[in-house]
2 protein chains.
Amino acid sequence: MRGMLSFLIMWFLSKRPMYGEEIALELEKMKGNKPTPGTIYPALKHLQNNGLVTSQKDGRNIIYSLTEKGTTTSKKAFEYFCNMFEPVFKDCIKAKNLKKI
Amino acid sequence: MRGMLSFLIMWFLSKRPMYGEEIALELEKMKGNKPTPGTIYPALKHLQNNGLVTSQKDGRNIIYSLTEKGTTTSKKAFEYFCNMFEPVFKDCIKAKNLKKI
DNA sequence: TGGCCAATATTGGACGTCCGATATATTTAA
DNA sequence: TTAAATATATCGGACGTCCAATATTGGCCA
């Protein structure tokens, strides 16, 4: 369960490269509150140190994207996540269907 | 994202009361590895200290169950979890459907 | 050019997760 | 009645998440 933030960041980056603020805003959309720089940048740094993410300057922004290693790792983590939380997901779907009735 | 273990424990207990080892075995089924006592019991203690869980001796075992407060808290956490991870869940479903083809 | 602002980054501290090691109680089996 | 097995529990240390505060960089505009 540790590493959920890193997992989500990699999931975002698997969709498209993003710069730090974009990632923070995506997390805000998801969670309802925006992580502070002290949350997001250490996580990005950690991912870079492990060779999962690279960065590239673009004007004022620094665009982060998955490396090859990051892509395969993120796929594995995604599958693991799906399998692990499947029973909870099913419960979510059940709860939503009941609401619709 | 912090508190995922506590969330899962409360989700289990919302299904039925369980003793510590049962919880550990449920987590093993989910995650593939069984958390050690040093993981599970501090978490249970923490939930008890916050009045979310009560315990009750039953022979050799100690059965944990949600309090009233624990039940409402767990429901809220469950809804939060469902909403937060909905986009990821949808991706999971998509990935599984593609595999079936 | 100077000042503003958005984005990036670091620090320090708190907290929850996690394991390995160790300890203890109780129940079952030899 | 011991011995083994099961379940509970604590301790120490490492790690990842999180925020508030602070600092720095680079682009933009008055």
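Sequence lines set the chain letters: A, B, ... in the order given, protein chains first and strands last, and positions in each chain run from 1.
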Point to revise | Sugar-phosphate only, base, or nothing, as touched by N33(A) at under 4.0 Å among non-hydrogen atoms | key: sugar-phosphate

Exercise for review: Answer yes when K76(A) and E79(A) have at least one side-chain N-carboxylate O distance shorter than 4.0 Å, and no when they do not.
Suggested key: no

Exercise for review: Using a heavy-atom cut-off of under 4.0 Å over every strand shown, decide if F7(B) touches base, sugar-phosphate, or nothing.
Suggested key: nothing

Review point. Which part of the nucleic acid does G3(B) contact within heavy-atom distance under 4.0 Å: base, sugar-phosphate only, or nothing?
Key: sugar-phosphate

Check your understanding: With sugar-phosphate meaning primed atoms plus P, OP1 and OP2, does G38(B) contact a base, only sugar-phosphate, or nothing at under 4.0 Å between heavy atoms?
Key -> base

Review point. Should L44(A) and I23(A) count as side-chain neighbours, where that means a heavy-atom distance under 4.5 Å?
Key: yes

Study note, to complete from the structure: The answer to which of M4(B) and R60(A) contacts DNA chain C further toward the 5' end, by nearest nucleotide, is R60(A)

Check your understanding: If each of K45(A) and M1(A) is mapped to the nucleotide of DNA chain C with the nearest heavy atom, which maps nearer the 5' terminus, i.e. the 5' end?
Key -> K45(A)

Practice item. Starting from the 5' end of DNA chain D, give me the residue, R2(A) or P37(B), whose nearest nucleotide shows up first. Key: P37(B)

Point to revise | Integer-rounded Å distance: dA6(C) C1' and I62(A) CD1 | key: 13 Å

Exercise for review: Compare all side-chain heavy atoms of M84(A) with those of M1(A) and state whether any distance is below 4.5 angstrom.
Suggested key: yes

Point to revise | Along DNA chain D, first and last positions that approach a heavy atom of chain A under 4.0 Å | key: dA14(D) to dG27(D)

Check your understanding: Any side-chain heavy-atom pair from F12(B) and M18(B) closer than 4.5 angstrom?
Key -> yes

Practice item. Check step by step if side chain to side chain donor-acceptor pair (under 3.5 Å) holds for T54(A) and Q48(A). Key: CA-CA 6 Å; T54(A) 36; Q48(A) 285 190 90; over 6 Å; no

Review point. Mapping E22(B) and T36(A) to their closest nucleotides on DNA chain D, which lands nearer the 5' end?
Key: E22(B)

Exercise for review: Please determine if E86(A) and K90(A) form a salt bridge, counting it only when a charged side-chain N lies under 4.0 Å from a carboxylate O.
Suggested key: yes

Check your understanding: Applying the ring pair (Phe, Tyr, Trp, His ring centres under 6.0 Å) test to F85(B), which of W11(A), F7(A), F81(A), F78(A) qualifies?
Key -> F81(A)

Review point. Is the distance from OP1 or OP2 of dC18(C) to the nearest side-chain N or O of T39(B) less than 4.0 Å?
Key: no

Practice item. In whole angstrom, give the distance that lies between atom CG of L27(B) and atom P of dC19(C). Key: 10 Å

